[in-house]
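Heads up, the thing below is written out as structure tokens.
In what follows, every chain begins at residue 1, and chains take the letters A, B, ... in the order their sequences are listed.
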Amino acid sequence: MEWFRQGRDLILGTHWIAEVVPIQSGFLMDAARVRRFLEVLPETLGLTVVSEATVQQAEDGSIRGVVLLAESHASAHTDPDGGMLFVDLFSCKPFDAVRARAVVDDLWPNSRVSEQLLERGRP
Amino acid sequence: MSFVLSLGVFEGDSSRVEEALCALGMPDGRDTVHQFEPVGVSWVRWAETGRAAIHTWPEQGLVSVDVLSDQSLNLAARLASIGWISVEESSR
């Protein structure tokens with residue numbers, strides 16, 4: 001995973017971004033799976049949900065979902081045409097990105113995944 | 001899809017977040033909002049063109065904005081149009 005870190009005056013948190021190419025394109029039309037991701041991710045990482053996950057599916061089948069956390073947010077967006085899934089997690093509380101990745105691997109097995117971890121804060 | 005992240009200087013209250021969403025070209029959409037006590041707001045909007053997540057830290061005078069969009073956009077310039085000074089912008 002690529003880590004983007006800079007000397008910072010004030011750190012607000014860590015942002016994990018993953019681009020996922022699932023082995024089955026049908027996964028990208030599966031809203032229940034996206035909802036599961038938004039529920040399992042905070043639970044696995046010990047983050048606090050402040051507003052229940054919102055998931056909606058557009059006419060073209062693409063799905064977008066978000067969950068607000070006391071520590072910031074997690075979101076997921078599928079692009080069935082492009083064959084991809086975009087997920088991110090921003091948290092002011094440190095978390096284990098390896099476990100976040102494991103949640104992706106569990107829900108979308110055998111996917112190709114590209115991840116980035118960014119330190120967010122005042123430069 | 002491009003992912004753009006920005007950190008800016010924040011003054012004022014949550015009403016400024018709506019202004020920012022308009023400046024980002026997302027005047028309408030589906031919102032998920034959480035107001036923190038005593039201050040601070042988390043606001044995610046899914047619009048036609050993508051989604052924006054804005055978190056404010058009024059106590060620190062900071063706001064983070066990140067946008068996932070199918071359009072390329074100069075976030076710093078758009079935020080500057082409403083007086084939010086971007087201190088950092090990066091694209092992924």
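- Stacking of A:R120 on the aromatic ring of A:F90 is recorded, both the 6.0 Å distance cut-off and the 45° axial limit being met.
- Proximity to chain A involves both the backbone and the side chain of B:H34, based on heavy atoms less than 4.5 angstrom apart.
- The contact between A:L69 and chain B is made entirely by backbone atoms, counting heavy-atom distances below 4.5 Å.
- Aromatic ring pairs are classed by plane angle as parallel below 30°, tilted from 30° to 60° and perpendicular above 60°; the pair A:H77 and A:F86 is tilted.
- Between B:D28 and B:R45 there is no salt bridge, since none of the side-chain N atoms of the basic residue sits less than 4.0 Å from a carboxylate O of the acidic one.
- Heavy-atom distances place the side chain of A:Q56, and not its backbone, under 4.5 Å from chain B.
- Of the listed residues (A:G82, A:S51, A:S75), the one with the most heavy-atom contacts under 4.5 Å to chain B is A:S75.
- Interatomic distance, CZ of A:R36 versus CG of A:D30, reported as 12.0 Å (0.5 Å rounding).
- Heavy atoms closer than 4.5 Å to chain B are found in the side chain of A:T54, but not in its backbone.
- One distance of note links CD1 of A:I11 with SG of A:C92; it measures 12.0 Å at 0.5 Å rounding.
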